[in-house]
Amino acid sequence: MTLRCLLVDFNSYFASVEQQLRPELRGRPVGVVPMMADTTCCIAASYEAKAFGVKTGTQVAQARRLCPGIVFVVARHAEYVQIHHRAVAVVDTIAPVEQVLSIDEMACSLPMGWTSRERATQLALRIKAALREALGDFLRVSVGIAPNVFLAKQASNLQKPDGLVVIDAGDLPGPLLRMQLTDLTGINVRMLARLQAQGIDSVEQLWRARREQLRVVWGGIAGEAFYDRLHGLATGVQAANPRRSLGHSHVLPPEMRSAEGALSVLDRLTQKAAMRLRREHLLAGAMTVMLKLTRRHGERLRPERGARFAPTADTRVLLHTLRGLWPDMVPAGWAPMKVAMLLHDLRQPGQTSASLFADDAPGTEAEQAALWSTVDALNVRYGRHTIYCGSGHQGREEAPMRIAFNHIPDLETEG
């Protein structure tokens, strides 16, 4: 078995970017939040804040109790995306970036002649030095090197911040035995329960489990694939899966926590999602709308509705679908706290047929496509609010760019 993959993992990425861009934050505990409100949560924490127990998901009020000196900053996603692209370009000049895993992770294939432990380590040190020179000293990375992406990821997690760990075939399972099962990528609380039901309570027991046993735990060939990744048998960088869904969510500020405000924000999210569909040359055949509602005494309600339709990327059709789903989604006495919309059943335009029930004269679909292409071009050139559907006017300043684990925003279409 040979070393094939090098994974670069930025440490506390959002908080580190803020410390790099704002010298007054360096050395101080920092919490990055989506908005300034005690009811929201940290979406990132600097290592100085982590030392006090503040982490991703810690509520602002609790973070203040844990770390009285913490400084909160509102996330600046456009900055994080720009630095991400610069980082990918820097790494790619040294080792080919085969897959961008998230905003703060990228996987490289080790070039021929650089697969020994010594040479791969040299390459990692070059990458670290190049990133420091290009981006600054406060954007530290941990590098993991292994036969596959999965093991490289585990290696990068073993030494933070600013780590460099190599896991080769002869090292296994040693380095992994210091980890908990839920430290391994792909094992969440539900999977942990399924493993424990099979008598697997530790990484050592997981390592010794047979491939057939893991097939039972995962309920299919995914268990065998996990076995292979864990044992370093699945090599190289895995091809990205085709996109299955596309959507946006937004935590509502206090002034938008009404049925009217929630709908206007959902309207804005839908217009953003439609533009993304067209940018990625996709059509959607279904929509799901989800809400998080609260009322007195802490009661919560999570209504969800969906609809299917002829595959489209037409903003008008998607907004019409949204309004068809909306009636009575917010019962009297309930306040919407969060809204989300998801477009799914995605496909390429060539994978679908034109509608047999067009509501206008022939050529309408082509004309609509040309219209929205022009609208998109104008918004890219002059700014996102140059032209938009008036139904989303109230929510036009809401739902700014957000970064999800598996989605890095396009600055032109989502800025």
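Remember, it's a predicted structure, so these values are computed and weren't measured experimentally.
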- Message: Students often mix this up, so state it plainly: with edges at 30° and 60°, are the rings of H231 and W207 parallel, tilted or perpendicular?
- Response: parallel
- Query: Heavy atoms, side chains only, cut-off 4.5 Å: are L3 and W114 in contact?
  - Reply: no
- Task: For the residue pair S46 and E48, confirm or rule out a side-chain donor-acceptor distance under 3.5 Å.
- Result: yes
- Message: Between R305 (side chain only) and L325 (backbone N and O only), is there a donor and an acceptor less than 3.5 Å apart?
- Response: yes
- Query: When rounded to the nearest 0.5 angstrom, what distance separates CD in E280 from CE in M275?
  - Reply: 12.0 Å
- Query: Within a radius of less than 6.0 Å around NZ of K128, do more than 12 heavy atoms belonging to other residues, nucleotides or ligands occur?
  - Reply: yes
- Message: Suppose we call two aromatic rings close when their centres sit under 6.0 Å apart. Are H84 and Y13 close by that rule?
- Response: no
- Message: On a heavy-atom basis, which atom in D171 and which in R117 lie closest, and how many Å separate them?
- Response: OD2-NH2, 2.6 Å
- Would you mind reporting whether L214 and L206 have side-chain heavy atoms less than 4.5 Å apart? yes
- Does a side-chain N-to-carboxylate-O contact under 4.0 Å join R323 and D267? yes
- Task: Could you tell me whether E24 atom CD has more than 12 heavy atoms of other residues or ligands within 6.0 Å of it?
- Result: yes
- Item | Atom pair NE2 (H248) and CG (L343), whose distance is rounded to the nearest 0.5 Å | 8.5 Å
- For R208, does the CZ atom sit with more than 12 other heavy atoms under 6.0 Å from it, leaving out its own atoms? no
- Message: Within the 4.5 Å heavy-atom criterion, are I187 and L184 side-chain neighbours or not?
- Response: yes
- Charged tip of K50 within 45° of Y47 ring normal and under 6.0 Å: yes
- Message: Hydrogens and angles aside, do T312 and D314 bring a side-chain donor and acceptor to less than 3.5 Å of each other?
- Response: no
- Query: Between R140 (side chain) and F10 (backbone), is there a donor-acceptor pair under 3.5 Å?
  - Reply: no
- Report yes if some heavy atom in the side chain of M36 is under 4.5 Å from a heavy atom in the side chain of V33; otherwise report no. yes
- Query: Tell me, do L342 and L246 make a side-chain contact under 4.5 Å, heavy atoms counted?
  - Reply: no
- Item | Donor-acceptor contact present, side-chain R347 to main-chain L282, <3.5 Å | no
- Query: Checking N148 side chain against L151 main chain: does a donor-acceptor pair fall under 3.5 Å?
  - Reply: yes
- Message: Apply side chain to side chain contact (heavy atoms under 4.5 Å, CB included) to residues I221 and R215 and explain how you reach the verdict.
- Response: CA-CA 6 Å; I221 61 172; R215 182 184 178 104; 3.2 Å; yes
- Message: Would T315 and L319 count as a side chain to side chain contact (heavy atoms under 4.5 Å, CB included) here? Give the steps.
- Response: CA-CA 6 Å; T315 301; L319 291 176; 3.8 Å; yes
- Message: Take a 6.0 Å sphere around NZ of K160 and say whether it holds more than 12 heavy atoms from other residues, nucleotides or ligands.
- Response: yes
- Rounded to the nearest 0.5 Å, what separation is found between the NZ atom of K272 and the NE2 atom of H250? 9.0 Å
- Could you tell me whether a side-chain N or O of Q99 sits under 3.5 Å from a main-chain N or O of A107, the two making a donor and an acceptor? no
- Task: Indicate the atoms forming the closest heavy-atom contact of Q159 with L164, along with that distance.
- Result: OE1-N, 3.0 Å
- Query: Quick one: CG on L139 to CZ on R86, what's the gap to the nearest 0.5 Å?
  - Reply: 9.0 Å
- Message: If you define the side chain from C-beta out and look only at heavy atoms, does anything of L291 sit under 4.5 Å from L266?
- Response: yes
- Query: Roughly how far, to the nearest 0.5 Å, is CG of L233 from CG of D228?
  - Reply: 5.0 Å
- Backbone of L25 reached by a side-chain donor or acceptor of Q19 within 3.5 Å: yes
- Query: Can you find a side-chain donor-acceptor pair between N188 and T182 that sits under 3.5 Å?
  - Reply: no
- Message: Measuring only between side-chain heavy atoms, which start at C-beta, is D104 closer than 4.5 Å to V8?
- Response: no
- Can T294 and R257 be counted as having a side-chain donor-acceptor contact under 3.5 angstrom? no
- Query: Counting distance only, does the side-chain N/O of S12 pair as donor-acceptor with the main-chain N or O of A45 below 3.5 Å?
  - Reply: yes
- Task: Find the distance between CG (L66) and NZ (K55) and round it off to the nearest 0.5 Å.
- Result: 10.0 Å
- Task: Determine whether R22 and V73 make a side-chain contact, defined as any pair of heavy atoms from C-beta on separated by less than 4.5 Å.
- Result: yes
- Under 3.5 Å donor-acceptor, Q20 side chain and F138 backbone: yes
- Message: Side chains of T185 and Q154 only: does a donor on one sit below 3.5 Å from an acceptor on the other?
- Response: yes
- Query: Relative to each other, are the rings of F150 and F226 parallel, tilted or perpendicular (30° and 60° limits)?
  - Reply: perpendicular
- Message: More than 12 heavy atoms of other residues, nucleotides or ligands under 6.0 Å from CZ of R28: yes or no?
- Response: no
- Message: Testing the 3.5 Å rule here: is there a donor-acceptor pair between the side chains of Y227 and E212?
- Response: no
- Message: For the backbone of V317 and the side chain of T321, can you confirm whether one donor and one acceptor N or O come within less than 3.5 Å of each other?
- Response: yes
- In terms of heavy-atom contacts, does CD of Q180 have more than 12 from other residues, nucleotides or ligands at under 6.0 Å? no
- Message: Between S16 and N11 (side chain of the first, backbone of the second, donor and acceptor by atom type, cut-off under 3.5 Å), is there such a pair?
- Response: yes
